[in-house]
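Lettering follows sequence order; numbering is per chain, from 1.
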Amino acid sequence: MAKGITPRSEDYSRWYLDVIDAADLAEHSAVRGCMVIKPNGYALWEQIQAQLDRMFKETGHQNAYFPLFIPESFMRKEAEHVEGFAPECAVVTHGGGKELEEKLYVRPTSETIIWSTYKKWIQSYRDLPILINQWANVVRWEMRTRLFLRTLEFLWQEGHTAHATKEEAIEETLRMIEVYRRFAEDYLAAPVFVGVKTPAERFAGALDTYCIEAMMQDKKALQAGTSHFLGQNFAKAFDVMFQNEAGQLEYVWATSWGVSTRLIGALIMTHSDDNGLVIPPRLAPLKVVIVPIWKDDSQRESMCAAARRLTESWHGRITFKIDERDQYRPGYKFNEWEKRGVPIRIELGPKDLEADQVVLVRRDTGEKITVPQDGLLPRIETLLEEIQASLFQRAKAFRDANTFDEDDFESFKRRIEEPGGFFWVHWCGNPACEAQFQETSKATIRCVPIDGSKRESGKCIVCGAPSQQRVLVAKSY
RNA sequence: CGGGGCGUAGCGCAGUCCGGUUAGCGCGCUUGGUUCGGGACCAAGAAGUCGGAGGUUCAAAUCCUCUCGCCCCGACCA
């Protein structure tokens with residue numbers, strides 16, 4: 001595993017200082033565990049946002065915004081929900097210099113405030129479905145934080161939809177987990193397993209929680225996105241009913257789904273190497289950096305001019321930067337842009353100018369390719385896609401090489417420690433057996449696959465009872 | 001909250017055991033020069049409440065007491 005990608009904040013801030021630096025805030029304990037997202041890091045988040053937003057719009061969703069504060073009485077309406085979230089909530093007790101009559105919870109998630117609003121919006125089947133997404137920050141007072149993976153405050157999107165039928169809500173839940181799968185694989189270049197959580201791991205208040213699980217370079221699992229089928233739980237809690245075509249009153253069916261800044265952590269821990277970040281080209285805010293090389297001032301002028309001429313037609317078609325800084329030598333610049341993960345570097349020196357060529361350098365492999373200046377932009381666009389595909393293939397090969405079937409519990413306990421990885425094991429469905437995994441191995445059931453894979457007969461690895469389905473087990477973040 | 005560790009320049013650290021010149025090193029920063037196809041070099045320079053308070057002493061970064069803060073491991077989790 002690459003040294004710099006251990007999930008420790010000081011490693012991140014040291015290695016990827018320009019992406020995100022939480023240390024700036026850590027001097028005060030009250031804000032420990034929060035993030036400072038510097039411009040380069042925020043640019044990456046904006047790329048993630050933009051792509052997800054496109055995918056949400058394509059599936060018929062609209063953006064909206066709801067309050068940060070949730071009255072305590074709202075939180076209390078859904079029993080499982082409040083039980084799950086109350087212990088990790090920040091609560092406001094004072095406002096305007098006075099003690100509040102009712103406490104306000106800083107949202108850990110917005111189901112309750114949104115469903116209290118949906119009640120006023122929904123009367124008829126004609127008002128359905130409601131397909132809304134919110135980009136927001138939420139607060140969860142975790143005891144232990146890890147930069148990107150588990151911060152006290154994080155940025156995310158949360159979709160909240162309301163439907164007339166159970167079937168439609170389930171369809172929506174599955175549609176959105178599929179959107180997340182596509183985003184993870186096609187944009188983050190991170191292969192994922194799609195599955196459903198066991199009851200023990202379900203979202204508080206959900207009937208089913210679907211998830212995508214990715215493998216990091218240390219072979220631990222990271223839950224990268226979730227989509228919940230909420231049934232009628234929130235509709236009942238907030239008394240949200242509609243009149244169907246036959247004129248009868250029914251409770252509304254609900255879903256919610258979300259991904260967070262944790263995706264940046266997933267990106268780093270999937271692709272980065274000892275030279276720093278590797279950003280998949282489709283998400284890279286800066287796709288190409290050009291480093292002109294010169295020996296003296298007059299040559300500097302001519303090389304930079306040549307770089308500008310070469311890229312004249314690129315504006316608006318690709319994001320690029322010409323590194324004209326005089327205080328650093330080329331080697332320093334090469335290293336710096338590698339650390340920042342820019343997918344392609346172009347070296348342009350006097351020799352290249354003479355030969356009408358440039359040198360392209362791939363961030364993922366370090367390979368240097370000399371190409372003619374003619375037709376450069378299409379060549380780069382092709383190479384970006386090649387890098388994107390190759391990052392995915394590399395990550396997938398790594399995951400597959402570290403994913404095993406396992407049928408013996410003793411052997412499982414050994415192998416989960418060394419060499420580690422993902423294990424497909426038979427499980428009878430009994431929560432007691434699930435608890436055994438956790439206690440004896442510190443591994444958890446990540447999910448039960450929903451695509452029909454690993455559906456085979458066997459015996460529960462813990463108790464030996466018959467099982468028709470293998471489940472994914474791994475240590476996780 | 002339990003168990004470890006650490007606070008000395010912007011960052012990373014040495015010095016503390018065994019008190020004693022003007023508190024040091026690397027990186028970074030400033031200025032000048034030479035360099036420039038893989039993290040340049042030389043010279044000069046700026047930058048410190050040694051986490052804080054109290055105590056012991058002729059003398060404290062160093063010893064004692066108290067205190068504040070941070071990091072790591074565990075219980076919680078997107």
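- If you check every strand for non-hydrogen atoms under 4.0 Å, A:Gln223 touches sugar and phosphate atoms only.
- Between the P atoms of B:rG4 and B:rA60, the separation comes to 32 Å (whole Å).
- Comparing the C1' positions of B:rA43 and B:rU35 gives a spacing of 15 Å, expressed to the nearest Å.
- Within the 4.0 angstrom heavy-atom criterion, base atoms lie near A:Ser260.
- In this structure, A:Phe193 and A:Phe422 have tilted ring planes: the angle between them lies in the 30° to 60° band.
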Would you be so kind as to tabulate the donor-acceptor pairs closer than 3.5 Å made by side chains of residues 289-297 of chain A, with sequence neighbours excluded?
residue: A:Asp296; atom: OD1; partner: A:Ser298; partner atom: N; Å: 3.3
residue: A:Asp296; atom: OD1; partner: A:Ser298; partner atom: OG; Å: 3.1
residue: A:Asp296; atom: OD1; partner: A:Gln299; partner atom: N; Å: 2.9

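- Residues from residues 52-70 of chain A that place a heavy atom under 4.0 Å from any atom of RNA chain B: there are none.
- Look at the C1' atom in both B:rC63 and B:rC58: the space between them is 16 Å, to the nearest Å.
- Distance, A:Leu152 CG to B:rA78 P: 15 Å, rounded to whole Å.
- Only the P atoms considered, B:rU31 is 23 Å distant from B:rG37, to the nearest whole Å.
- Across the strands present, B:rU49 finds no partner; the criterion is a Watson-Crick or G-U wobble pair with both atom distances under 3.5 angstrom.
- When rounded to the nearest whole Å, the span between CD of A:Gln438 and C1' of B:rA75 equals 13 Å.
- Nucleotides B:rG7 and B:rU16 place their C1' atoms 13 Å apart, quoted to the nearest Å.
- Between A:Tyr477 atom OH and B:rG74 atom P the separation is 12 Å, expressed in whole Å.
- The closest side-chain donor-acceptor pair between A:Thr255 and A:Thr161 falls under 3.5 angstrom.
- Checked by atom type, the side-chain pair A:Thr444/A:Arg446 shows a donor-acceptor distance below 3.5 Å.
- Comparing the C1' positions of B:rU65 and B:rC73 gives a spacing of 29 Å, expressed to the nearest Å.
- There is a side-chain donor-acceptor pair under 3.5 Å between A:His228 and A:Thr209.
- The nearest heavy atom of RNA chain B to A:Ser476 and to A:Gln327 marks one nucleotide each, and the one closer to the 5' end goes with A:Gln327.
- A centroid separation of 6.0 Å or more is found between the aromatic rings of A:Trp115 and A:His81.
- B:rC6: Watson-Crick or G-U partner is B:rG69, with both key distances under 3.5 Å.
- Shown here, B:rC13 forms a base pair with B:rG24; the pair counts as Watson-Crick or G-U wobble because both key distances fall under 3.5 Å.
- Residues passing the salt bridge (charged side-chain N to carboxylate O under 4.0 Å, His left out) test with A:Glu417 are A:Lys475, sequence neighbours excluded.
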Q: Applying side-chain hydrogen bond (donor to acceptor under 3.5 Å, both in side chains), run through A:Asp364 and A:Ser390 and close with a yes or a no.
A: CA-CA 8 Å; A:Asp364 60 334; A:Ser390 132; 3.2 Å; yes
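- Scored by the side chain to side chain contact (heavy atoms under 4.5 Å, CB included) test, A:Leu353 finds A:Met303, A:Ala306, A:Gln373 as partners (sequence neighbours excluded).
- For the pair A:Leu149 CG and B:rC76 P, the computed distance is 17 Å after rounding to whole Å.
- Base pairing analysis places B:rC18 opposite nothing; no Watson-Crick or G-U wobble pair with both distances below 3.5 Å involves it.
- Searching all strands for a Watson-Crick or G-U wobble partner of B:rU35 with both distances below 3.5 Å returns nothing.
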Q: Starting at the 5' end of nucleotides 31-38 of chain B, put B wherever the base has a protein heavy atom under 4.0 Å, S where only the sugar-phosphate does, and a dash everywhere else.
A: ----BBBB
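- A:Phe412 and A:Phe423 have their aromatic ring centers within a separation under 6.0 angstrom.
- Across all strands shown, the partner of B:rG74 is B:rC1, judged by Watson-Crick or G-U wobble contacts whose two distances both fall under 3.5 Å.
- As judged by a 4.0 angstrom heavy-atom cut-off over every strand, A:Phe203 is placed among residues making no nucleic acid contact.
- Distance check on atom C1': B:rG74 versus B:rC66 gives 29 Å, rounded to whole Å.
- In this structure, B:rU30 and B:rA44 make a Watson-Crick or G-U wobble pair, each of the two defining distances being under 3.5 angstrom.
- Both distances falling under 3.5 Å, in either a Watson-Crick or a G-U wobble arrangement, occur for no nucleotide opposite B:rA61.
- Nucleotides B:rU8 and B:rA47 place their C1' atoms 14 Å apart, quoted to the nearest Å.
- If you measure from atom CD of A:Glu153 to atom P of B:rA78, you get 18 Å, rounded to the nearest angstrom.
- Listed by first then second residue, pairs satisfying salt bridge (Lys or Arg N to Asp or Glu O under 4.0 Å) with a partner in residues 255-269 of chain A number zero, not counting sequence neighbours.
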